[in-house]
A.B. asks: 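My questions will all concern the structure given below.
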Amino acid sequence: MKKIINDPNQAVQDMVNGFVAAYPDKVTLIPETLAVVRKDAPITGKVGLVSGGGSGHEPAHAGYIGKGMLDVAVAGEVFTSPTPDQVLEGIKAVDAGEGVFLVIKNYTGDVLNFEMAAELAEAEGIQVEKVIVNDDVAVEDSSFTTGRRGIAGTVFVHKIAGAKAEAGGSLSEVKQVADKVVANVRSMGMALTSGTVPAAGKPGFQLEDNEMEIGIGIHGEPGIERKPIASADTIAQELTDRILDDIDISNGNEVAVLINGLGATPEMELYIVNQKVQAILRDRGIEVYRTYIGEYMTSLEMAGCSITVLHLDDELKPLLDAPSEAPAFRR
Amino acid sequence: MKKIINDPNQAVQDMVNGFVAAYPDKVTLIPETLAVVRKDAPITGKVGLVSGGGSGHEPAHAGYIGKGMLDVAVAGEVFTSPTPDQVLEGIKAVDAGEGVFLVIKNYTGDVLNFEMAAELAEAEGIQVEKVIVNDDVAVEDSSFTTGRRGIAGTVFVHKIAGAKAEAGGSLSEVKQVADKVVANVRSMGMALTSGTVPAAGKPGFQLEDNEMEIGIGIHGEPGIERKPIASADTIAQELTDRILDDIDISNGNEVAVLINGLGATPEMELYIVNQKVQAILRDRGIEVYRTYIGEYMTSLEMAGCSITVLHLDDELKPLLDAPSEAPAFRR
Amino acid sequence: MELDVLKTVEWMEQTNEKMQAKKDELTTLDQPIGDGDHGINMARGFQEVVNKLNDTEYNEVSAVLKDVAMTLMSKVGGASGPLYGTAFLKISTAVKGAGTVERDLFAKALTEAVNGIKQRGKATEGEKTMIDMWSPISEAFQQASDFRPEDMMEAAQAALESVKELEATKGRAAYFKEKSVGHLDPGAVSTFYLFEALADVWKGDN
Amino acid sequence: MELDVLKTVEWMEQTNEKMQAKKDELTTLDQPIGDGDHGINMARGFQEVVNKLNDTEYNEVSAVLKDVAMTLMSKVGGASGPLYGTAFLKISTAVKGAGTVERDLFAKALTEAVNGIKQRGKATEGEKTMIDMWSPISEAFQQASDFRPEDMMEAAQAALESVKELEATKGRAAYFKEKSVGHLDPGAVSTFYLFEALADVWKGDN
Ligand SMILES: Nc1ncnc2c1ncn2[C@@H]1O[C@H](COP(=O)(O)OP(=O)(O)O)[C@@H](O)[C@H]1O
Ligand SMILES: Nc1ncnc2c1ncn2[C@@H]1O[C@H](COP(=O)(O)OP(=O)(O)O)[C@@H](O)[C@H]1O
Ligand SMILES: [Mg+2]
Ligand SMILES: [Mg+2]
Ligand SMILES: [Mg+2]
Ligand SMILES: [Mg+2]
């Protein structure tokens, strides 16, 4: 294991400290937690937006904190959902009386811990709503879920629900638009190598020099097929086809595209993938309204990428384009 | 070599096409070149800003194109400076009669090719000025330079010179402020692994599992010392000390900090490094005005990071904070 | 079987020792069909449990187990934290008021624990999870009235064998449906160690 | 030595064949003390040179060499592109007007080439660059009037030996100052192949 860390067991704490130290005017740490919160929270009149999950997906989730996106991000240990008490602290820190909205990726651990936190918050009189993101078309049920996994499409949920909340949307309006994003977003990923959990010290899985894994998740969990490395065009075709087979987007529709790096893949390769994705969409008469390329939802130092397509409409477009001060998604 | 590419010899062309396809409203490709240019260039009344260099440093350089930063980025083959004729096309595309400013990193290849382009442009009656960025304190002379190398500090030159040009600064004013940035910016990097040039097919160098290399450049060229991997804190201390030994920044001064990932290092580790860098600066009474963390100037899939410190003053601060629409440096 | 406060604390201490010793094994088991953190999670969680128990005075077994539950819930995270937490919370509630917990009561408590895990995780037997260890052990407890630690471990051992042969259907990546056969489930194995620790403490009874 | 248009084109064709064959070797040489692209750069550049020459009719050696220069300049990039380009541009200028280039004229042209490289790259002999191949070959040309291809290759071979022993001082990372000893400079080696190709063509004269 080659990592720039101190104590592997302190990596998440050190990271969270380092994050807060980078933006001391904007965010702070809730004492005795790994929850990073907007300094101006709770914000009067605004629904609080909470996300989080295991660490190792940076810039998710703290990078999406800021005016126009999240109010708080609760970090767990690497690939391990945060505990209910920490999520509860996050919820309490951002509740301004308008209720709090939770963005949860569909993994058993995340769902269990966030739902328990929601129950505890409700018991304290806080109104809580949630959305469970399940954009990964690779597997219907995975190592960690009943139903699909939540992966990079979560970023669009943060952005759009965040814009809605910032614009003064009510808790049920925020939920409605978040549900709409989840209904209209699909993703799929692939990997060339796997990452190493610092405290584990060895990679999650091993691929041969000529192998890739298709349908990978973001925790180093296995995908659906292991096969010889194909060209960027072939990979882009396979992932995009699987996504478009799964969702009704037709000629003349508009979409947002996210080509997401999983941690160790150079941006050069993401652009190469994008070239093909755009060609496929163009051939189908689908109009690309916005394209995002970079590392948005990673899996430690996994080499690989995921493709996300979000079907847009006139409600979603302005929310996607609304201002955001989150360091990892500035608009 | 595990890469998501098509033909290794077409990787740069494919990348540039994929980049332009991502932002078709904003940028276009100059025909028969690898130069990406703002769609609205040349911009009346504005000095044109040109950067570029070998590929493999993404998001540099095309990611810094946009209102408030660069007008054109000329890409060479991987780690190979673009040729003078391509740079010349870039210069011609952005000259609006106010002159053109070149940002060059101090590598023999970049300097030779950009200077030849400048001579050709001047022969065509275009006013050209330039700055040679040499922020790397690791080596006085390197494999590729006489004098210091130019690395991640270049991003601050793009940002500040870009803001000056956007604000209507004259060619000599742009040069003056760019020179000031170069005089006040220092960087140093380290690596855990090296990247692989696609057409070469094997890594630039090999480190043992317990080794790191200090003082690395951004082309896989060797650093100044190879030694056992140290903790993040030790690494941060060594790099920051070397930087601060080299430049007079004292108690009460303000700086901008950039913790830059070299391609394969998870953002988690960059935050861990930042924790220590901020502590060191705080201990010295140096005030951090802005911190940037992420991949700004990479070296393919090299694992490692660099630290950059820019000494700010009242002229540089507003330029750093001025709006930018570049996809890789939004403000 | 006579679980009093002291023995309950001892059970947790021995469990912790096992989790520390088996940390790498459990993590390795979690890599091929999971995300490679189960040993880390268990080692962190039970260390915190022991820290908590050593810092506190208890009058009742139920109170010990409640702190075990709350500590696991608040220190583990992931899927296993809430699931183990729920199991211990159910046991704690079931044994409330008892000075020492006898076999019958413990058997009843285990039924509650199994139901709690199933409900929380929306899963059932045969899906290659920790349920496939908790459930057969619980069933074994219900049957024989002269149930001894050796019998428990026999049931646990048998469960270990069968969990290996299970095909992960619902809870696993499609890719691993068949490939999961032959792999142990990490949560089932950590549960095995939990009961192995109980057996050790229990044997001390006699 | 009698370099006419045909022979000059042949020289470039043979050079290209060598660069293609030695592509990996040159790249590997560029890895330990450079950035691992020299073979790629040379192979790309001389392939383009040959494409260009095959597409064009020439009346003069100078015109061939000018196209070589311009092609290398516009297709190679990096440090070697402008340096090789400058060298050929200087040679082209020096032989302008000559129908065939004889040894004396070529020797004069080489001096110009060496000066051109030095000026462009702000470097000089002994810094472990291509100059340490161009310069000794050029010098050898100046001295003997009955200079033959075998003599040129002897000088080139000797230069290869000495360049290996040079310590990269100015142009190299501090770290490699001593470590560079024993390594060949990739640009010096590609220059060696350039003149080896010339020797082959030249030998055909006799
Ligand atoms: N829905 C579920 N019901 C019961 N047990 C489950 C369920 N999901 C996961 N588990 C158990 O949890 C174990 C994994 O725990 P752990 O690795 O600590 O958490 P995570 O899965 O969040 O990484 C699995 O081996 C399995 O035994
Ligand atoms: N300043 C210089 N003067 C002369 N030759 C140089 C100089 N800098 C580099 N070279 C030559 O160029 C070669 C490297 O070329 P190449 O790898 O193609 O370009 P780059 O160095 O830009 O990657 C070196 O081996 C050396 O011979
Ligand atoms: Mg986990
Ligand atoms: Mg190069
Ligand atoms: Mg796990
Ligand atoms: Mg080179």
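Values below: all heavy atoms of this structure, side chains included; hydrogens, waters and symmetry mates excluded. In what follows, every chain begins at residue 1, and chains take the letters A, B, ... in the order their sequences are listed.
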A.B. asks: Are there over 12 heavy-atom neighbours, none belonging to D:E57, within less than 6.0 Å of that residue's CD?
C.D. replies: no
A.B. asks: So which part of B:V87 gets closer than 4.5 Å to some heavy atom of chain D, the side chain, the backbone, both or neither?
C.D. replies: neither
A.B. asks: Please determine whether the number of non-hydrogen atoms from other residues, nucleotides or ligands lying under 6.0 Å from atom NZ of D:K118 exceeds 12.
C.D. replies: yes
A.B. asks: Could you grab the distance from atom CG of D:D37 to atom CZ of B:F79, nearest 0.5 Å is fine?
C.D. replies: 8.5 Å
A.B. asks: Give me the atom names and distance for the closest heavy-atom approach of B:P203 to D:Q31.
C.D. replies: O-NE2, 3.2 Å
A.B. asks: Near D:E154 CD, under 6.0 Å, is it more than 12 heavy atoms from other residues, nucleotides or ligands?
C.D. replies: no
A.B. asks: Tell me if the CD atom of D:Q20 is crowded by more than 12 foreign heavy atoms within 6.0 Å.
C.D. replies: yes
A.B. asks: Would you give the length of the straight line joining atom CG of D:L72 to atom OG1 of B:T83, rounded to the nearest 0.5 angstrom?
C.D. replies: 11.5 Å
A.B. asks: Other residues, nucleotides and ligands only: do more than 12 of their heavy atoms fall within 6.0 Å of CG on B:D245?
C.D. replies: yes
A.B. asks: Just by distance, with hydrogens left out, do D:T28 and B:K202 show a side-chain donor and acceptor under 3.5 Å apart?
C.D. replies: yes
A.B. asks: Quick check: does any side chain N or O of B:N113 sit under 3.5 Å from a backbone N or O of D:G78, one acting as donor and the other as acceptor?
C.D. replies: yes
A.B. asks: Are D:I40 and B:V197 close enough that some pair of their side-chain heavy atoms sits under 4.5 Å apart?
C.D. replies: yes
A.B. asks: With chain D, which of B:A200, B:G215, B:G220, B:G217 has the greatest number of heavy-atom pairs at distances under 4.5 Å?
C.D. replies: B:A200
A.B. asks: Are more than 12 heavy atoms from other residues, nucleotides or ligands located less than 6.0 Å from atom CE of B:M1?
C.D. replies: yes
A.B. asks: Run D:R120 and B:L112 through side chain to side chain contact (heavy atoms under 4.5 Å, CB included) and show every step you take.
C.D. replies: CA-CA 7 Å; D:R120 246 304 143 226; B:L112 292 183; 4.0 Å; yes
A.B. asks: Does D:G77 offer a backbone N or O that forms a donor-acceptor pair with the side chain of B:E77 under 3.5 Å?
C.D. replies: no
A.B. asks: Checking B:E115 against chain D: side chain, backbone, both or neither under 4.5 Å from a heavy atom?
C.D. replies: side chain
A.B. asks: So which part of D:S74 gets closer than 4.5 Å to some heavy atom of chain B, the side chain, the backbone, both or neither?
C.D. replies: both
A.B. asks: Does any non-hydrogen side-chain atom of D:R44 lie less than 4.5 Å from one of B:T80?
C.D. replies: yes
A.B. asks: Side chain, backbone, both or neither: which part of B:F205 has a heavy atom under 4.5 Å from chain D?
C.D. replies: neither
